[in-house]
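Right, one structure below, let's go through it.
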Amino acid sequence: MAVRLLSLAFALCLAAAPIHAQEFEQPPDSPVAQVLGAQATGANYTVADPVYSDGLMHNFTLQTNYGTFQVSGDGMMRERLREMQALATLESMSKSDVFLKSLGQTAQAPVTFGKNLINDPDATMKRAASGVSRMFDRVGTGIRNRKSSRDSTMGSVLGVDAARRQIAVQLGVDPYTDFAPLAQALNDIATASAMGGLSVKALTMAIPGGIGVAVGAGNTVESITSALAEKTSTEIVDMVAGRLAALDVPAETAARLIQNRVYSPADLLIMAEALTTLNARGSAIFVDRAADAATRDEAVFQRVRARVLAGQGQALGIRAFEDVGGFPLNRLADGRILALFPFDEVSWTGSVGATFTQVVAALPPDAGPPLLVVTGQLTDLARASITGAGWTVQTVPLP
């Protein structure tokens with residue numbers, strides 16, 4: 001016991017040292033081609049070079065035909081790129097003879113998407129801290145409850161909402177996307193389909209090879225995409241509530257998550273299915289923290305984290321969630337503490353160093369050498385500072 005306590009004290013000293021003595025670093029910029037490869041440009045967008053970092057997440061500037069948008073995190077960027085592909089497909093569909101004839105406007109121009117949606121960020125915002133980074137600077141904040149339905153009464157009666165859901169799932173995007181150009185395009189196409197008498201089946205036949213909502217693999221994909229296409233948002237919320245109840249998440253905690261409008265019904269369903277697959281004790285700890293998300297990129301971060309945990313649960317031996325210094329970490333089968341996060345690029349900034357020290361100080365004395373798993377990279381200084389404190393560091397792919 002004396003040796004273990006001595007080792008813990010030594011680790012605390014190592015972790016605390018950078019806060020007061022060692023130098024910190026400026027997060028490096030990355031060439032966009034290095035981060036995104038061929039996806040750095042597309043038919044209707046370009047991602048600006050370079051890609052900035054806030055010490056944890058990449059910050060992108062997405063320049064599109066509909067305006068310029070800031071995107072935080074590799075996971076969020078993947079979502080936006082799928083949405084840009086979907087927009088290109090929808091615009092192509094809107095020019096097809098079968099679509100125009102259904103509206104009786106073959107002699108007119110096709111539907112135009114994205115008017116007045118310009119959102120050009122100031123240059124000073126390009127390195128601003130992402131919602132994820134700010135999340136790690138604040139622990140235990142709340143958000144007011146809101147209604148969970150995302151469907152409109154009129155849209156449900158006219159069949160527009162059902163058409164939008166089916167078209168979006170066929171395109172592989174969230175039917176409840178917060179990306180304004182795509183949301184408008186989906187509503188325009190779905191409305192035209194419903195009002196013009198063109199069946200969704202006929203319309204989606206024009207979509208080359210449906211790619212499916214990006215949620216994982218196997219039977220989970222089939223069940224989630226089917227639910228998103230066929231069920232209303234209220235029905236999906238009921239499914240999510242049931243999944244969380246089966247994991248012993250208190251009803252009030254589940255309600256905080258479900259009623260947080262930075263999450264779409266698709267986010268909620270994907271997270272609930274991932275937590276069900278993981279089947280770890282104390283899932284309420286994760287849900288309670290996720291319910292605090294205040295921005296869209298935080299919500300995507302939590303959704304991606306749930307998926308990574310589910311995907312790595314068996315290999316790593318994840319058994320339970322455990323609150324460590326205000327963060328929902330995991331207890332492994334061998335007793336160690338796991339900190340698994342979908343970070344893009346970890347730099348040893350003052351904020352990262354302070355957060356790491358907070359976690360180290362709260363580690364249970366019986367946990368043994370802790371494990372940090374990330375989906376991105378670490379700078380040399382970050383890796384040296386973390387491993388020097390007795391942690392093992394591993395990387396896994398972003399799903």
Side-chain angles (χ1 to χ4, degrees), residues 1-20 22 55-56 132 135-140 247-249 253 274-275 277-290 292 301-302 304-343 346 348-349 351-378 381-396:
M1 177 61 72
V3 173
R4 179 173 294 174
L5 291 176
L6 182 61
S7 298
L8 176 62
F10 181 61
L12 284 169
C13 290
L14 285 173
I19 305 301
H20 304 293
Q22 294 183 16
L56 292 176
V132 173
M135 175 183 71
F136 279 86
D137 286 335
R138 73 175 198 281
V139 177
L247 293 169
D248 295 325
V249 177
T253 302
L275 291 174
T277 298
L278 182 62
N279 196 28
R281 299 187 306 276
S283 293
I285 297 173
F286 177 93
V287 174
D288 186 61
R289 189 71 174 87
D292 290 334
F301 179 86
Q302 297 289 9
V304 172
R305 185 178 180 223
R307 287 186 56 205
V308 178
L309 284 167
Q312 299 297 322
Q314 185 173 356
L316 294 173
I318 298 174
R319 293 293 181 268
F321 284 97
E322 190 163 330
D323 188 309
V324 179
F327 298 97
L329 305 188
N330 294 98
R331 180 78 71 157
L332 302 181
D334 60 11
R336 291 183 297 162
I337 291 294
L338 165 70
L340 186 156
F341 293 102
F343 294 144
V346 180
W348 198 249
T349 64
S351 177
V352 171
T355 299
F356 182 67
T357 299
Q358 177 182 344
V359 171
V360 171
L363 284 172
D366 65 339
L371 173 64
L372 172 67
V373 176
V374 298
T375 57
Q377 304 299 316
L378 295 88
L381 180 57
R383 184 178 292 273
S385 300
I386 293 170
T387 57
W391 288 64
T392 299
V393 177
Q394 296 180 12
T395 59
V396 295

List in chain and number order the residues that pass side-chain contact (heavy atoms from CB on, under 4.5 Å) with [X], two or more places apart in sequence or in another chain; answer none if no residue qualifies.
X	answer
A339	L329, F341, L372, W391
T387	R383, V393
A306	M271, A274, F286

Tell me the closest heavy-atom pair linking [X] and [Y], and the distance in Å.
X	Y	result
G325	A362	N-CB, 3.3 Å
L363	P370	CD1-CG, 3.9 Å
I337	A367	CG1-CB, 3.6 Å
V324	P364	CG2-CD, 4.5 Å
S283	A280	OG-O, 2.9 Å

Is it the case that the side chain of S385 and the backbone of A382 share a donor-acceptor pair, with hydrogens and angles ignored and the cut-off at 3.5 Å?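 Not at all, since once roles are kept as given, no pair shorter than 3.5 Å links the two residues.
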Is it the case that the side chain of R289 and the backbone of F327 share a donor-acceptor pair, with hydrogens and angles ignored and the cut-off at 3.5 Å?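 No, the answer is negative, given that no donor and acceptor are paired below the 3.5 Å cut-off.
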Does [X] reach the side chain of [Y], with side-chain heavy atoms less than 4.5 Å apart?
X	Y	value
N279	L247	yes
L371	L316	yes
L56	F301	no
F321	L275	yes

Measuring from atom OG1 of T277 to atom CZ of R307, what distance do you get when rounded to the nearest 0.5 angstrom?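 Spacing of OG1 (T277) from CZ (R307) equals 11.0 Å.
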Pair I318, L332 - check side chain to side chain contact (heavy atoms under 4.5 Å, CB included), show working. CA-CA 5 Å; I318 298 174; L332 302 181; 3.8 Å; yes
With sequence neighbours excluded, give me every salt bridge (Lys or Arg N to Asp or Glu O under 4.0 Å) pair touching residues 316-334.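 Found E322-R331, R331-D366, D334-R336.
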